[in-house]
Amino acid sequence: MLGQPLVVCGCEPMTGWFRDGHCRTDPSDHGRHSVCCVITDLFLRYSLSQGNDLSTPRPAYGFAGLKAGDHWCVCAARWLEAHDDGVAPPVRLEATEVSSLELIPLELLQSFAHSPSPQS
């Protein structure tokens, strides 16, 4: 995204189309799980209202459920939809695949860029 190699989005829980922690896709990923987000409670409620329950644990799939603060690869179209509805979560640009720009303008993603708290 920023001219640098893609960094890991999240591994606890493991995210990404390939379940390798990276928000990278291929042509078989019709949802384009390419936007690395810092999940919020508001986004979890929104996702549930759209029919995608991301907070309920699914032990059979090794999925503990998401909570606010987790990092997760979100579908580019869903992120844009959430933005349009006023509930888009912050984005980690360094972990967001450049293919996201086919659906979301860079300036919009930059305006939602997550800035980690400085280390004390």
Side-chain angles (χ1 to χ4, degrees):
M1 170 71 60
L2 302 174
Q4 301 294 321
L6 194 64
V7 303
V8 170
C9 177
C11 293
E12 297 219 9
M14 189 62 74
T15 191
W17 176 247
F18 297 102
R19 290 296 188 256
D20 64 359
H22 291 89
C23 296
R24 58 190 186 87
T25 65
D26 69 11
S28 65
D29 178 11
H30 300 292
R32 193 179 297 194
H33 295 77
S34 59
V35 182
C36 181
C37 296
V38 179
I39 298 300
T40 63
D41 285 328
L42 186 61
F43 180 75
L44 287 173
R45 288 191 302 273
Y46 177 77
S47 186
L48 179 61
S49 76
Q50 300 300 307
N52 188 14
D53 181 359
L54 296 173
S55 58
T56 300
R58 305 263 191 265
Y61 298 100
F63 180 66
L66 297 179
K67 62 186 179 318
D70 286 341
H71 296 178
W72 193 250
C73 297
V74 172
C75 296
R78 176 53 51 92
W79 187 91
L80 187 57
E81 178 184 65
H83 169 268
D84 293 347
D85 288 339
V87 296
V91 174
R92 292 188 56 223
L93 291 175
E94 71 279 6
T96 295
E97 188 179 65
V98 70
S99 70
S100 302
L101 298 179
E102 294 172 18
L103 294 174
I104 307 167
L106 177 59
E107 297 76 21
L108 184 55
L109 288 171
Q110 287 174 324
S111 72
F112 279 81
H114 171 69
S115 299
S117 302
Q119 300 293 325
S120 342

>> Counting C-beta onward and ignoring hydrogens, is there a side-chain heavy-atom pair between Val8 and His22 closer than 4.5 Å?
In response: yes
>> Distance check, rounded to the nearest 0.5 Å: Thr96 atom OG1 versus Gln110 atom CD?
In response: 11.5 Å
> Does one hydrophobic cluster hold both Leu48 and Leu44, with members joined at side-chain heavy-atom distances below 4.5 Å?
Replying inline: no
> Should Leu42 and Leu108 be regarded as members of a common hydrophobic cluster, given that ILVMFWY residues are connected when their side-chain heavy atoms come within less than 4.5 Å of each other, either directly or indirectly?
Replying inline: yes
>> For Cys9, run the side-chain contact (heavy atoms from CB on, under 4.5 Å) check against Cys37, Ser34, Cys23 and tell me which one passes.
In response: Cys23
> For the atom pair SG (Cys75) and NE2 (His30), what is the distance rounded to the nearest 0.5 Å?
Replying inline: 11.5 Å
> Where do Ser55 and Asp53 land on the side-chain contact (heavy atoms from CB on, under 4.5 Å) test, with the steps shown first?
Replying inline: CA-CA 6 Å; Ser55 58; Asp53 181 359; 3.3 Å; yes
>> Which heavy atom of His114 sits nearest to which heavy atom of Pro90, and what is that distance?
In response: CB-CB, 4.0 Å
> Are any side-chain N or O atoms of Thr40 and backbone N or O atoms of Pro89, one a donor and one an acceptor, separated by less than 3.5 Å?
Replying inline: no
> Roughly how far, to the nearest 0.5 Å, is CG of Leu54 from CD1 of Ile39?
Replying inline: 6.5 Å
> Got a sec, which pairs hit ring pair (Phe, Tyr, Trp, His ring centres under 6.0 Å) with one end in residues 46-71, sequence neighbours left out?
Replying inline: Phe63-Trp72
>> Please determine whether residues Leu106 and Val74 belong to a single hydrophobic cluster, defined as Ile, Leu, Val, Met, Phe, Trp and Tyr linked transitively by side-chain heavy-atom distances below 4.5 Å.
In response: yes
> What closest approach, in Å, do Leu103 and Ala77 show between heavy atoms, and which atom pair accounts for it?
Replying inline: CD1-N, 3.9 Å
> Between the side chain of Thr15 and the main-chain N/O of Cys73, is any donor-acceptor distance below 3.5 Å?
Replying inline: yes
>> Hydrophobic clusters here meaning ILVMFWY residues chained together by side-chain heavy-atom distances under 4.5 Å, can you tell me if Val38 and Val87 are in one?
In response: no
> Is the backbone of Glu97 close enough, under 3.5 Å, to the side chain of Ser100 for a donor and an acceptor to pair up by distance?
Replying inline: yes
> After noting the C-alpha distance and the side-chain angles of Val35 and Leu80, does the key distance pass the side-chain contact (heavy atoms from CB on, under 4.5 Å) rule?
Replying inline: CA-CA 10 Å; Val35 182; Leu80 187 57; over 6 Å; no
> What are the two closest non-hydrogen atoms of Phe43 and Ala82, and how far apart are they?
Replying inline: CE1-CB, 3.9 Å
>> Would Asp26 and Phe18 count as a side-chain contact (heavy atoms from CB on, under 4.5 Å) here? Give the steps.
In response: CA-CA 9 Å; Asp26 69 11; Phe18 297 102; 3.3 Å; yes
> Looking at OG1 of Thr56 and CG of Leu66, how far apart are the two atoms once the value is rounded to the nearest 0.5 Å?
Replying inline: 10.0 Å
>> Once rounded to the nearest 0.5 Å, what's the spacing between atom CG of Leu93 and atom CG of Leu6?
In response: 11.0 Å
>> As an exercise, state the distance from CZ of Arg45 to CD of Gln50, rounded to the nearest 0.5 Å.
In response: 13.5 Å
> Sub-3.5 Å donor-acceptor pair from the side chain of Arg32 to the main-chain atoms of Ser99, do we have one?
Replying inline: yes
